[in-house]
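Chain letters run A, B, ... following the sequence lines, proteins first, then strands; residues in each count from 1. None of the values given here were measured: they were computed from a predicted structure.
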There are 2 protein chains.
Amino acid sequence: MTLSNAEEQLMQLLWKKERAIMKDLVEAYPEPKPATTTVATLLKRMQDKNFVDYKQIGRSREYFPLVKKKDYFSKHVNGLIKNFFNNSPSQFASFFTEETNLSKKELEELKALIDSEIKKK
Amino acid sequence: MTLSNAEEQLMQLLWKKERAIMKDLVEAYPEPKPATTTVATLLKRMQDKNFVDYKQIGRSREYFPLVKKKDYFSKHVNGLIKNFFNNSPSQFASFFTEETNLSKKELEELKALIDSEIKKK
DNA sequence: ATTTTAATTCTACAAATGTAGAGGATAGAT
DNA sequence: ATCTATCCTCTACATTTGTAGAATTAAAAT
């Protein structure tokens, strides 16, 4: 099960807010904001797909994500790695390092980080 | 313009082959192979989207990608970075390093690579 | 109590996507 | 010259996606 684009966009809003009621969500959209019913439809579809759930709070529902952003994201990246790098994360990593414009400072930081990862092993 | 899933899958085949005629493409699919017409439809849509073109070779067409895998891929990753990391490649990088299960050896290699990138700056 | 506001569900519909048959064109085999 | 294997275009259709109106409900404001 995957989220469609529109659903994913909404999911991003929900991740940012952690939990939110309809109104908050609609308002969180940049202009042009969608109709409330549109968001409602998306939310319902996302519930069917088990990506969100809600808790009845008084008169309205407080929606919250059932999937952690990190996990969702991981799946994405792994998909990319599988499709583009023959399932080799290290190939991906080197590609990424070469192609992305990290500043010298960022590279240094990344290196330090990798160092600490190495120590963990 | 983006490729749909089915289109992207076909694109992967095309990138692998560099150039290919219909038959090759259909055969390159894993089972169950799609109908020739299905592939034809996808190819046409991909032409409309300017992702592939072809060269008439004798009786049939030799299709080839108009977009480099690298570029296409970059766009994807940048999209991810934008959506998930607030547009910060370095945040992405650290997440990636922590979350992906690179072996010690892979990490060492990556470190070396980063070093050489640093030197370039 | 009545009006207003917010939320929810149902229904709808256009566009995009996934998939493929029918029919036509043509190059190569016989 | 005819048949056969390929490929292409056109057409079609079910599913998914993006979007939202209509109707309903319920709570909040007056």
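- Of the charged side-chain nitrogens involved, none lies within less than 4.0 Å of a carboxylate oxygen, so that Lys17(A) and Asp24(A) do not count as a salt-bridged pair.
- Within 4.0 Å of Lys33(B), counting heavy atoms only, lies no atom of the nucleic acid at all.
- Between the P atom of dG18(C) and the CE atom of Met46(B) lies a distance of 11 Å, rounded to the nearest Å.
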**Request:** Under the side chain to side chain contact (heavy atoms under 4.5 Å, CB included) rule, what do Lys55(A) and Phe64(A) come out as? Steps first, then yes or no, please.
**Result:** CA-CA 8 Å; Lys55(A) 192 176 193 176; Phe64(A) 56 87; 4.2 Å; yes

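- For Glu62(A) and dT8(C), the CD to C1' distance is 17 Å, given to the nearest whole Å.
- Closest to the side chain of Arg61(A), from the set dT9(D), dT9(C), dC8(D), is dT9(C).
- Asp48(A) places its CG atom 11 Å from the P atom of dT9(C), with the value rounded to the nearest Å.
- Considering all non-hydrogen atoms of both residues, Glu7(A) and Thr2(A) come closest at OE1-O, 4.1 Å.
- Distance Leu3(A) CG to dT17(D) P: 9 Å, rounded to the nearest Å.
- Panel note: side chain Asp71(A), backbone Val67(A); no donor-acceptor pair is recorded below 3.5 Å.
- In the set dC7(D), dA20(C), dA20(D), the nucleotide with an atom closest to the side chain of Thr41(B) is dA20(C).
- Atom pair Ile21(A):CD1 and dA27(D):P shows a separation of 14 Å (rounding to whole Å applied).
- Rounded to an integer number of Å, the gap from Leu43(B) CG to dC8(D) P is 8 Å.
- Taking 3.5 Å as the limit, the base of dG21(D) and the side chain of Thr37(A) contain a donor-acceptor pair of atoms between them.
- Classification of Lys104(B) and Glu117(A) as a salt-bridged pair fails, no side-chain N sitting under 4.0 Å from a carboxylate O.
- Rounded to an integer number of Å, the gap from Lys23(A) NZ to dT5(C) C1' is 9 Å.
- At a threshold of 4.0 angstrom between heavy atoms, the contacts of Ala35(B) are confined to the sugar-phosphate backbone, with no base atom among them.
- Closest to the side chain of Met22(B), from the set dA20(C), dG18(D), dC8(D), is dC8(D).
- Tyr63(B) comes within 4.0 angstrom of the backbone, heavy atoms only, and of no base.
- Counting any heavy atom pair closer than 4.0 Å across all strands shown, Ala6(B) reaches sugar-phosphate atoms only and no base atom.
- The distance between atom NZ of Lys44(A) and atom P of dG18(D), rounded to the nearest whole Å, is 18 Å.
- Side chain Thr36(A) to base dA6(C): no donor-acceptor pair is found below 3.5 Å.
- Using a 4.0 Å heavy-atom criterion, one finds that Ser4(B) contacts the sugar-phosphate atoms exclusively.
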